[in-house]
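First the structure, which I've put down as structure tokens, then a few questions once you've had a look.
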Amino acid sequence: MSWLERARRGALRGWVDLPGTDYDGPLLSGAFLKRIEHLSLRVGRSGTTGFAGEHPSLRKAHSVEFADYRNYRPGDDFRLIDWNVYARLGQLTLRLTEAAEATTLHLLLDCSGSMSYGIPSKFRTMQRIAAALGCLALSRYDSVSTGILRGNTAQVLPRLRGKNETGRFLSILEGLKPSGTVDLEASVRSYCSAPRRGVGVLISDLMAPSGTAEAVFALRRIGLEPAVLQVLAREECEPRLEGPLELVDCETGATISTAINGEALKAYAERFSAWTNDLESNCAAQRATFVRLCTDQPLEDLLVASLRGRVVQ
Amino acid sequence: MSFAQPLALFGLLFVPLIILFYLLRSQHQRQVISSTWLWAEALERFSHRPARRLPLREPLLLLQLLAVLVLTLFFAGPRFSQAAHAHQIVVLDGSVAMAATDISPSRFARARQRVEDIIAKLGPEDSLSIILAGPHARVVGELPSDMDVATAVRRLATPSGDADIAGAVALARGVAAASGVGSPRVTFLAAPETPPLAVGTLPINVERIGKTPLDDQGIGALSARCQSDGVTCAAFARIRNSAAAPRTDDLAVWADGQSLGRQTLHIPALGSLDLTFALPKGARAIKASLLGHDAIASNDTAWALVPAPPRLHALFVSDSPGQMLRGLHAVPGLTVDTIPASKFQYADFGHADLLILDKVSPDNLPPIPLLAIDPPTSTSFLNVRAANVFLPVDNIDVSDPLAQGLDLYGLATNGEKIDTPPWAHVVVGGANGALLMDGVQNASKTAVLAFDAGHNPFAQDVAFPLLVTRLVNWLVPAPPASVPAGASVWLPAGVQTVQDPSGAVLAGPMVNAARQGMYSVKTGTGNRLPGQALFAVSTANPGEVVSGAGNIPVWVPPVSTGTLWRNVWPLAVLLALVVVSGEWWFYAKKT
């Protein structure tokens, strides 16, 4: 990549040196990371890993965050006795503080061929969202574990932790290419074969008749807090096809010869709406976060407007 | 509105072609999507398939259609000022096939009726020319110059001869170029069996009249031949069937009016049957007739003459005949009377078919074929410059029938130096003039030998009697035994009038053999006796055209810039459309 190209992509302005890409722009710019650095992952109390971090935990530990009072029991640490309370009430009372722990962000990325569809492509949008979430996690001393879903298996990449790993993480993301097919249920089960803790974020177009609910269940079963980010192209949400066409599946090569008119588009819109509603209700039933994203939305809108309060905070 | 080149309007055929291309292309347009399962489920309940619609939103399609329209109109040359002028040229098939009665009342009557319809539909500014493609193509009439064209068409006799297609083409093109008013349109009213009419760039509308195949059986050929003894003769007949199924018919044959018998024939479908039968001794006129009924009655009967050895009489005026007389005696059927020059009088040629003058030149020449040998300086029809001059042989016209295959270089000898007259054609000549020439002077065939043929070394040559025989045959040819209907026939020497089969008397020297049957001598001299059968006329076969018609010169319009452009416009249109189509193809492949 030339110096001019790097400057055009904004890599020189930021604090991270971004690797080159054949796609239509850098994954993240330094200015963008500055704008989102106040955000952090939204993690439930059961999603922490026990290591010191910034997320509140169910466990109590030495910290400055007040949690509760309780009576002294033999064996308690004298240092936790609140001597001011003893002076006023004459009772030994312990001052409790809650632990701040780190979490692990498990990014499960759908790298099937169907993700290459759309302008910009769903795959590129998935890469940018994953990069943003991963950078947020690394900047908050959280760990990032990435699973590449392809076929019926998941390729688990090394866990990364700390800001120093940001460049490596982005390089890994840039190296990914969409190809082949994916069995969502089987590949997620493959990723969940080992016990894991933290937040599990599945990013995919979910373009399959089934498997999403089973994948979410698998994430929930091993103790992860699941979140499903469905990435779709605008052409999939609101297709602008017309006339006699031979529709070709970019993943399998299967074809459908049909003639598209207003009635066909209406039928598609109805089916599309029913499908996304099913996905949403299935996720809600398993207390999983479900967010549908469109590739033509700006990345800042995706993170701030769509994910804030659900995946980030 | 009229068009200068109406054929250019065929360019509009590219409009549906281009639209078809686009329809086919839109039908096969591939659209890659991320997954088909959602579409498949959505379309399960949706069975309606809309009809193919023209992709009118394609700007390239609109541009191409516009280009085709503009190009077509440009080359068609619309005329708004001379909107109503049209020149109708109706070519009427005059062949025997039009005499068929497979449609009522007959093909020719239907064609005449069609011509009357065309006349009735003519506009006030339109003009019309009617050409009959008979044995000799001719213009029957023209409007508005001839007011009674309809009557002339009604009077046309039912044809029985060939069709002079090439002559009709030449006439049509000539009439089209000569009128200069309105756009010429040719309508060819023809039998299905008649070959098509190629009139170049003129727009032509061919209307076939009649059913095909024609259910007709006819005598395609009838001839007679004798063996060398001149006594044993046989006749040959070819019976033709143009129907799609075999036919059975009876054939009756007569010789000199006496019946030779009748025979039942089984003629194959779309084929012919050949017959040979012996003729009685001395038979002269043969007549054969099919007794069944079919679509064309005129070709059911045919006539033929038994060839008889020619009986010619020559008057040889010479003081010293020498070897020339021996050469004349070698000519078959020729009898020679020799008289000295001093005794020759004008009335002596009497019944002679040929006059041979050796070193003699009378003041008055009889109107019969003449062979002049070694003419004196006082000859009236020749300019003899000098006598006893060596005449070398430098050139021989080997294409001339007199010289073909003969070695005539031995003719070089002393003789008369003669200026070549305008009527003569030099067969053998040299630097000092012609040795042998022929031609027609004063309505008589004339051949000139510029040397003393009877006392020349060439008289000993083997080619000499052959040359004499050819000279006699050229000067007095044997009359044709059979001619096609409608042909013009030169009567042989000694025959002034002939009688046609209907009994009408036709005066020579040329008669039109319009009626089929036997023509006989009415008034004649010498051995041409009244009542003697002269030639037979038979009907042509359907679909036949005049043989050798291709040699008729065809009128060629003068080449001008406009004509040149009109000739290259189809190429220009083709080139433009190929470019547009190629561009479209490239565009379609890229998208």
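Computed from a prediction, not measured in an experiment: that's the story for all the values here. Chain naming here is simple, since letters A, B, ... match the order of the sequence lines and numbering starts at 1 in each.
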Is it true that, when you exclude B/Ile103 itself, more than 12 heavy atoms of the residues, nucleotides or ligands shown sit nearer than 6.0 Å to its CD1? yes
Minimum heavy-atom separation for B/Leu43 and A/Ile256, please, with both atom names. CD1-CG2, 4.5 Å
Using atom types as modelled, flag every donor-acceptor pair under 3.5 Å from a side chain in residues 8-15 of chain B to any protein atom, sequence neighbours excluded.
none

Sort A/Lys266 into side chain, backbone, both or neither according to what part of it lies under 4.5 angstrom from a heavy atom of chain B. neither
Tightest non-hydrogen contact, residues A/Asp249 and B/Ser34, listed as OD1-O, 3.2 Å
Looking at A/Gly113, A/Pro209, A/Ser114, A/Ala254, which has the largest count of heavy-atom pairs under 4.5 Å with chain B? A/Pro209
If you round to the nearest 0.5 Å, how far is CH2 of B/Trp39 from CG of A/Leu245? 8.5 Å
Can you name the one residue among A/Glu236, A/Met207, A/Glu251 that meets side-chain contact (heavy atoms from CB on, under 4.5 Å) with B/Ser35? A/Met207
Taking B/Gln31 as the fixed residue, which of A/Ile260, A/Val248, A/Leu247 is the one that meets the side-chain contact (heavy atoms from CB on, under 4.5 Å) rule? A/Leu247
I'd like to verify something: which residue of A/Gly118, A/Ser116, A/Ala208 has the highest number of heavy-atom pairs under 4.5 Å with chain B? A/Ala208
Not counting sequence neighbours, which residues clear ring-ring contact (aromatic ring centres under 6.0 Å, His included) with A/Tyr117? List them please. none
